[in-house]
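Beneath this line is the structure, given in structure tokens, with notes to follow.
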Amino acid sequence: MLNLLVTGGQGMLGRAVASEAERLPDARVLAPGRNELDVRDAAAVMAYADTIAGGWIVHCAALVDVEGCARDPETARETIVEGTRNVIALAKQAGARLLYPQSFLVYDGAVNPIPEDETPRPLSFYGQLKYEAEQLIDAEMDNALIVRMAGFFGGEAGDKNFVGRIIPVIHAAMMRGERQFKVGDRVWQPTWTQDLGANSVQLMLADARGRYQMACLGHATFAEISAEIVVALGWQDRIAIETVDASAIAQSELGKRPDVAIMSCKRLTDERLNLQRDWRSALHAYLRHPFFDSYRVKG
């Protein structure tokens with residue numbers, strides 16, 4: 001039986017991990033959201049010690065907002081670093097294994113594809129905090145599982161990342177009668193949270209430990225993703241995507257990101273544990289969800 005606690009269980013990734021784990025027979029899954037479990041509260045975290053004894057903790061709780069972390073560094077540090085410190089203490093007290101989903105934003109993108117032994121060099125304060133939290137885990141635990149994940153989409157209404165934000169913006173432009181929409185050419189690996197969740201469960205069942213990198217097959221610019229959204233939602237006769245230099249957009253960001261970030265997933269593949277799909281097929285599967293029917297052009 002998989003006994004699992006997912007912190008940040010109502011966020012984009014946390015919900016996906018929990019829903020995939022719940023597919024297993026006899027799984028016991030707790031997925032409290034931030035209102036139920038604030039990882040900054042050490043006592044609240046430790047209250048789960050008996051419940052999760054001998055099981056797994058997937059620590060998804062974080063302030064996943066690059067600009068927000070730059071604006072409120074104190075809250076960001078309390079959540080990402082001190083919150084992780086509290087979860088480490090829980091894992092040690094409960095004799096539980098820890099899976100830490102790490103962000104690709106710990107990398108600067110200077111080398112692509114990014115090898116699995118690449119030393120993180122974060123460009124943003126958010127990335128710095130995430131790497132600091134990872135280093136805490138390394139210092140305190142010898143059996144943790146750290147999975148550096150690509151940028152992702154998922155969660156329908158809860159998607160606060162690129163896909164979730166760009167769909168209503170392009171749709172609004174189309175409704176205004178605009179025929180062209182400009183999107184930057186930053187390159188990433190757009191990965192569905194459900195695929196990340198399923199693959200994370202697979203790693204736990206395989207008793208994996210150490211570091212892995214996890215991302216969709218292939219890579220794309222933000223503009224290419226936007227063009228695929230246009231096709232998937234039936235907008236291709238009404239609006240077209242125009243690719244522009246990402247640097248024009250990056251200058252306005254509080255949190256700097258790499259222009260290109262493509263991670264190697266060699267270990268996952270070599271161990272025959274890679275469940276990821278091509279980004280296009282995953283994106284189209286995601287956009288078939290009924291949530292997107294209000295945007296879809298019928299017929």
Side-chain angles (χ1 to χ4, degrees), residues 10-13 15-16 63-72 103-105 109 123-124 126 150-196 215-216 218-262 277-299:
Q10 298 307 303
M12 288 173 62
L13 182 61
R15 285 174 54 200
L63 186 60
V64 188
D65 181 345
V66 176
E67 284 76 19
C69 286
R71 286 191 296 265
D72 188 355
S103 171
F104 76 103
L105 292 176
L123 299 177
S124 65
Y126 168 75
F152 47 74
F153 58 88
E156 297 81 46
D159 188 348
K160 307 304 182 186
N161 289 348
F162 176 75
V163 172
R165 289 186 287 110
I166 201 67
I167 288 175
V169 175
I170 299 176
H171 184 261
M174 186 176 69
M175 292 297 99
R176 292 192 300 268
E178 296 179 24
R179 300 289 295 178
Q180 297 282 330
F181 190 89
K182 295 179 180 180
V183 183
D185 61 356
R186 181 182 294 143
V187 178
W188 64 313
Q189 293 162 294
T191 307
W192 192 8
T193 51
Q194 290 301 137
D195 290 352
L196 293 170
C216 68
H219 56 271
T221 65
F222 280 15
E224 288 171 330
I225 284 285
S226 301
E228 205 66 35
I229 290 169
V230 166
V231 171
L233 297 179
W235 300 344
Q236 58 267 43
D237 294 333
R238 302 180 61 180
I239 197 165
I241 300 300
E242 178 184 348
T243 304
V244 297
D245 191 326
S247 62
I249 301 169
Q251 289 173 0
S252 66
E253 295 174 347
L254 287 172
K256 186 171 175 56
R257 299 165 172 85
D259 290 332
V260 181
I262 304 168
R277 288 180 276 183
D278 175 80
W279 69 267
R280 286 184 178 85
S281 62
L283 180 65
H284 279 264
Y286 173 59
L287 295 178
R288 285 195 289 270
H289 190 282
F291 172 79
F292 298 102
D293 287 349
S294 62
Y295 292 108
R296 201 180 321 276
V297 172
K298 307 299 191 297

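As the structure is a prediction and not an experimental result, all values here were calculated from the model. Computed over heavy atoms, backbone and side chain alike; hydrogens, waters and symmetry mates excluded.
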Gap between atom CZ of R238 and atom CE of M174 - 0.5 Å precision: 4.5 Å

Of the non-hydrogen atoms in P190 and W279, which two are nearest, and what is the gap between them? O-CB, 3.5 Å

Measuring only between side-chain heavy atoms, which start at C-beta, is I170 closer than 4.5 Å to L233? no

For the residue pair C69 and V64, establish whether any side-chain heavy-atom pair is separated by less than 4.5 Å. no

Atom pair CG (L13) and CZ (F152), whose distance is rounded to the nearest 0.5 Å: 5.0 Å

For D72, side-chain hydrogen bond (donor to acceptor under 3.5 Å, both in side chains) partners two or more places apart: T75

Checking F292 now: which residues fulfil ring pair (Phe, Tyr, Trp, His ring centres under 6.0 Å) with it, not counting sequence neighbours? Y286

With sequence neighbours left out, which residue pairs that include part of residues 160-176 fulfil the side-chain hydrogen bond (donor to acceptor under 3.5 Å, both in side chains) condition? R176-E178

Considering all heavy atoms of both residues, which atom of W192 and which atom of A282 are nearest to each other, and what is their separation? CE3-O, 3.8 Å

Can I get a per-line list of side-chain donor-acceptor pairs under 3.5 Å for residues 219-229, giving both atom names and the distance, sequence neighbours left out?
unit_1, atom_1, unit_2, atom_2, d
T221, OG1, A223, N, 3.4
T221, OG1, E224, N, 2.9
E224, OE1, T221, N, 2.8
S226, OG, F222, O, 2.9
E228, OE2, H284, NE2, 2.8

In this structure, CZ of F291 is separated from CG of D159 (nearest 0.5 Å) by 8.5 Å

With sequence neighbours left out, the residues meeting side-chain hydrogen bond (donor to acceptor under 3.5 Å, both in side chains) with R288 are none

Might you point out which heavy atoms bring F162 and W188 nearest each other, and give the distance in Å? CD2-CZ2, 4.1 Å

Find out whether D185 and D245 are in side-chain contact, i.e. whether some heavy atom of one side chain is under 4.5 Å from a heavy atom of the other. yes

Check: T191 side chain, C216 main-chain N or O, donor-acceptor pair, under 3.5 Å: yes

Kindly compute the distance separating CZ (R186) from CG (D259), expressed to the nearest 0.5 Å. 6.5 Å

Might you point out which heavy atoms bring F104 and A150 nearest each other, and give the distance in Å? CD2-C, 3.8 Å

Any ion pair linking E67 and R257 (charged N to carboxylate O, less than 4.0 Å)? yes

Partners of F181 by ring pair (Phe, Tyr, Trp, His ring centres under 6.0 Å), sequence neighbours excluded? none

As an exercise, state the distance from CG of L283 to CZ of R277, rounded to the nearest 0.5 Å. 10.5 Å

Rounding to 0.5 Å, atoms CZ (F153) and CG (L196) come to a distance of 9.0 Å

Under the side-chain contact (heavy atoms from CB on, under 4.5 Å) criterion, do I167 and W235 qualify, and how do the steps go? CA-CA 11 Å; I167 288 175; W235 300 344; 4.0 Å; yes

